[in-house]
A.B. asks: 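Can you read through this structure? Questions will come right after.
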Amino acid sequence: MKELILEKYLTCDYIYIPIQNEELNIRETKEVYKCDLITNYKGENIYSPVSGKIYGIGKINTTRKEENVLVLINDFKDKTEKKIISKENIYKVDKILLDKILYKIKLEKQINLIIPNIPNHTLLLKDNINEILETLNLIEEKYKKEIKIILNKNDIVSYQTLFSYLGTYPNITISFEKGDGFSLTLYDIIDFYNEIKNKVKRDFIYITLSYNNETKIIKTKRYSNLKEILDNFDCDKEAVINKKIKLTDNNFLLDETVNLITIN
């Protein structure tokens with residue numbers, strides 16, 4: 001397998017935050033800071049990945065359907081409302097705070113980290129391997145959970161990445177069968193790590209772009225627009241999302257549900 005090359009496009013002009021209604025946590029000045037809690041969308045708190053100004057409310061297609069979005073103009077300053085001081089040692093974080101962050105998994109006996117055999121997740125794992133394994137180890141140590149990393153048996157690259165590190169974490173095992181347990185994604189674990197460390201919220205996603213018989217992994221802003229990404233790579237052809245959704249308009253929301261963009 002060819003080495004996966006990461007290309008970054010984090011200078012998106014606009015961000016499109018999905019909203020269910022107009023109950024938004026925004027300032028009268030329409031100014032937005034990075035990590036501002038904007039809204040709760042289908043049970044998930046949604047934070048701004050950039051700082052800037054509110055442009056308005058619009059609609060955009062997503063992997064689910066056409067949805068309402070709050071459109072932000074990126075000022076490229078990444079201002080936060082207050083200084084964020086990261087914690088040095090996640091193993092010393094107060095148990096009450098951990099319970100609050102990890103409430104979804106507290107009652108589960110087995111935790112499965114599911115890693116799909118797709119290039120963007122392979123590279124996402126490699127780029128964040130220390131944070132991911134440290135967080136899984138913390139969960140095992142503090143909550144006595146059985147931790148399994150579920151791989152596709154053909155995913156040799158992810159296996160090799162993990163094999164180089166797992167000697168340090170003997171209570172984390174690799175399996176090629178899902179079985180029972182509560183499933184988490186790589187993004188879930190990275191988000192847990194950032195919250196435990198009191199770091200800024202994750203503002204990125206990784207996407208596989210297949211075009212002209214080449215495969216690129218694109219790191220871009222969460223809630224960016226596919227059209228802007230394709231324009232940056234001089235591609236104006238219509239795209240197919242996740243091998244399922246054929247687009248006639250490349251204005252399309254990019255979030256964790258988008259893994260593969262194919263340009264025919």
Side-chain angles (χ1 to χ4, degrees), residues 18 37 40-47 63-64 86-206 222 242 255-259:
L37 174 60
N40 185 281
Y41 176 78
K42 297 183 178 180
E44 177 187 0
N45 286 336
I46 303 295
Y47 300 88
T63 55
R64 299 164 292 274
S86 179
K87 295 180 173 65
E88 291 186 9
N89 189 339
I90 66 173
Y91 295 94
K92 294 184 178 180
V93 171
D94 182 79
K95 182 66 161 50
I96 295 175
L97 177 60
L98 275 182
D99 288 347
K100 182 179 179 181
I101 295 171
L102 301 174
Y103 72 94
K104 290 183 180 180
I105 65 173
K106 280 178 55 180
L107 301 179
E108 305 294 334
K109 292 182 179 180
Q110 179 178 315
I111 305 300
N112 294 330
L113 172 60
I114 310 295
I115 304 179
N117 185 20
I118 46 181
N120 55 316
H121 281 263
T122 300
L123 199 52
L124 180 65
L125 172 68
K126 181 179 179 181
D127 288 351
N128 298 274
I129 185 67
N130 291 303
E131 294 87 345
I132 289 165
L133 291 179
E134 190 173 3
T135 305
L136 291 174
N137 191 63
L138 173 72
I139 293 170
E140 189 280 328
E141 183 177 299
K142 297 295 185 181
Y143 294 95
K144 308 304 178 186
K145 307 294 184 185
E146 183 179 1
I147 307 293
K148 286 188 176 183
I149 298 176
I150 312 299
L151 293 179
N152 183 293
K153 63 182 180 180
N154 296 317
D155 190 356
I156 304 301
V157 176
S158 292
Y159 181 83
Q160 291 174 336
T161 298
L162 290 164
F163 187 77
S164 301
Y165 289 85
L166 281 182
T168 310
Y169 304 98
N171 294 322
I172 300 173
T173 60
I174 295 175
S175 176
F176 299 105
E177 296 183 3
K178 181 177 178 182
D180 298 327
F182 186 81
S183 296
L184 295 172
T185 69
L186 289 171
Y187 289 121
D188 291 331
I189 299 298
I190 294 168
D191 289 344
F192 284 155
Y193 178 84
N194 287 347
E195 193 166 1
I196 293 168
K197 287 279 286 185
N198 194 41
K199 296 179 68 176
V200 296
K201 304 294 182 182
R202 174 177 57 86
D203 62 356
F204 63 84
I205 54 173
Y206 281 39
R222 194 180 189 186
N242 297 342
D255 60 15
E256 293 83 352
T257 63
V258 178
N259 288 303

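Values reported hereafter were calculated over all heavy atoms of this structure, with side chains retained and with hydrogens, waters and symmetry mates removed. On a predicted model such as this, the values are computed, not experimentally measured, just so you know.
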A.B. asks: Nearest 0.5 Å, please: how far is NZ in Lys201 from CG in Leu37?
C.D. replies: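 That separation rounds to 8.5 Å.
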A.B. asks: Supply the atom-to-atom distance Asn40 CG to Asn45 CG, rounded to the nearest 0.5 angstrom.
C.D. replies: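 Output value for this atom pair is 5.0 Å.
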A.B. asks: Are Tyr165 and Asn130 close enough, and set up right, to give a side chain to side chain donor-acceptor pair (under 3.5 Å), and what steps lead you there?
C.D. replies: CA-CA 8 Å; Tyr165 289 85; Asn130 291 303; 4.6 Å; no
A.B. asks: Compare all side-chain heavy atoms of Ile174 with those of Tyr159 and state whether any distance is below 4.5 angstrom.
C.D. replies: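 In contact.
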A.B. asks: How long is the span from the CG atom in Leu138 to the CG atom in Asn89, to the nearest 0.5 Å?
C.D. replies: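 Going from CG on Leu138 over to CG on Asn89, the span is 9.0 Å.
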A.B. asks: Test side chain to side chain donor-acceptor pair (under 3.5 Å) on Asn259 and Asn120; report intermediate values, then the result.
C.D. replies: CA-CA 7 Å; Asn259 288 303; Asn120 55 316; 3.1 Å; yes
A.B. asks: Any side-chain heavy-atom pair from Ile46 and Glu44 closer than 4.5 angstrom?
C.D. replies: yes
A.B. asks: Between Glu140 and Ile147, what is the shortest heavy-atom contact and its length?
C.D. replies: CB-CG1, 3.7 Å
A.B. asks: So which heavy atom on Leu113 is nearest to which on Leu186, and how close?
C.D. replies: CD1-N, 3.7 Å
A.B. asks: If the threshold is 4.0 Å, N to carboxylate O, is there a salt bridge linking Lys199 and Asp191?
C.D. replies: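 No salt bridge links Lys199 with Asp191.
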A.B. asks: If you define the side chain from C-beta out and look only at heavy atoms, does anything of Ile129 sit under 4.5 Å from Leu125?
C.D. replies: yes
A.B. asks: Is there a donor-acceptor contact under 3.5 Å from the side chain of Tyr143 to the main chain of Asp99?
C.D. replies: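 Pair found, side chain donor or acceptor close to backbone of Asp99.
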A.B. asks: Quick one: does Leu124's side chain get under 4.5 Å of Tyr187's, heavy atoms only?
C.D. replies: yes
A.B. asks: Phe176 ring centre to Lys153 NZ or CZ under 6.0 Å, with the angle to the axis within 45°?
C.D. replies: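 The answer is no, since Lys153 fails at least one limit relative to Phe176.
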A.B. asks: If you compare all heavy atoms of Leu133 against all heavy atoms of Ile149, which two are closest, and at what distance to 0.1 Å?
C.D. replies: CD2-CD1, 4.0 Å
A.B. asks: Any non-hydrogen side-chain atom of Ile101 less than 4.5 Å from a side-chain atom of Phe192?
C.D. replies: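 In contact.
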A.B. asks: With Ile190 as reference, evaluate Thr185, Thr135, Ile132 under the side-chain contact (heavy atoms from CB on, under 4.5 Å) test and give the passing residue.
C.D. replies: Ile132
A.B. asks: How far apart are the C-alpha atoms of Arg64 and Asp255, what are their side-chain angles, what is the distance that settles it, and do they pass the salt bridge (charged side-chain N to carboxylate O under 4.0 Å, His left out) test?
C.D. replies: CA-CA 11 Å; Arg64 299 164 292 274; Asp255 60 15; 3.2 Å; yes
A.B. asks: Once you round to the nearest 0.5 Å, how far does NZ of Lys145 lie from CD1 of Ile111?
C.D. replies: 6.0 Å
A.B. asks: Mind checking whether Leu98 and Ile196 have side chains closer than 4.5 Å, heavy atoms only?
C.D. replies: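 Of all side-chain heavy-atom pairs linking Ile196 with Leu98, at least one is under 4.5 Å.
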A.B. asks: What's the spacing between Ser183 OG and Lys148 NZ if we round to 0.5 Å?
C.D. replies: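 Here the rounded value is 12.0 Å.
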A.B. asks: Heavy-atom count check: over 12 atoms from other residues, nucleotides or ligands less than 6.0 Å from Lys95 NZ?
C.D. replies: yes
A.B. asks: Go through it in stages, so that I can follow the logic: the residues are Val200 and Asn194, the test is side chain to side chain contact (heavy atoms under 4.5 Å, CB included), and I'd like the CA-CA distance, side-chain angles, deciding distance and then a yes or no.
C.D. replies: CA-CA 7 Å; Val200 296; Asn194 287 347; over 6 Å; no
A.B. asks: Is the closest basic N to carboxylate O distance between Glu131 and Lys197 below 4.0 Å?
C.D. replies: no
A.B. asks: What are the two closest heavy atoms between Pro116 and Asp155, and how far apart are they?
C.D. replies: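 Taking every non-hydrogen atom into account, O-OD2, 4.0 Å.
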A.B. asks: Over all heavy atoms of both residues, which pair between Ile150 and Glu177 is shortest? Give the atoms and the distance, please.
C.D. replies: CD1-O, 3.6 Å
A.B. asks: Distance from Ile139 atom CD1 to Glu146 atom CD, nearest 0.5 Å?
C.D. replies: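 Interatomic distance, Ile139 CD1 to Glu146 CD, rounded to 0.5 Å: 13.5 Å.
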A.B. asks: Are Asn137 and Thr168 close enough that some pair of their side-chain heavy atoms sits under 4.5 Å apart?
C.D. replies: no
A.B. asks: Start with the C-alpha gap between Ile90 and Lys142, add the side-chain angles, then the distance that decides, and say whether side chain to side chain contact (heavy atoms under 4.5 Å, CB included) holds.
C.D. replies: CA-CA 11 Å; Ile90 66 173; Lys142 297 295 185 181; over 6 Å; no
A.B. asks: Could you tell me if the side chain of Ile114 sits less than 4.5 Å from the side chain of Leu184, heavy atoms only?
C.D. replies: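 With C-beta onward as the side chain, the pair stays apart.
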A.B. asks: Sort and list the pairs that fulfil side chain to side chain donor-acceptor pair (under 3.5 Å) and have at least one residue in residues 100-114, not counting sequence neighbours.
C.D. replies: Gln110-Asn112
A.B. asks: What do the steps show when you test Asn154 against Asn117 for side chain to side chain donor-acceptor pair (under 3.5 Å), and what is the final call?
C.D. replies: CA-CA 7 Å; Asn154 296 317; Asn117 185 20; over 6 Å; no
A.B. asks: Test side chain to side chain contact (heavy atoms under 4.5 Å, CB included) on Glu256 and Ile205 and set out the steps.
C.D. replies: CA-CA 6 Å; Glu256 293 83 352; Ile205 54 173; 4.2 Å; yes
A.B. asks: Could you walk me through whether Leu151 and Leu162 pass the side chain to side chain contact (heavy atoms under 4.5 Å, CB included) test, one step at a time?
C.D. replies: CA-CA 10 Å; Leu151 293 179; Leu162 290 164; 3.9 Å; yes
A.B. asks: Work out which heavy atom in Glu134 is nearest to a heavy atom in Tyr91; give both atom names and the distance.
C.D. replies: O-OH, 3.6 Å
A.B. asks: Would you say Lys178 has more than 12 foreign heavy atoms packed within less than 6.0 Å of its NZ?
C.D. replies: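 At most 12 heavy atoms, drawn from other residues, nucleotides or ligands, come within 6.0 Å of this atom.
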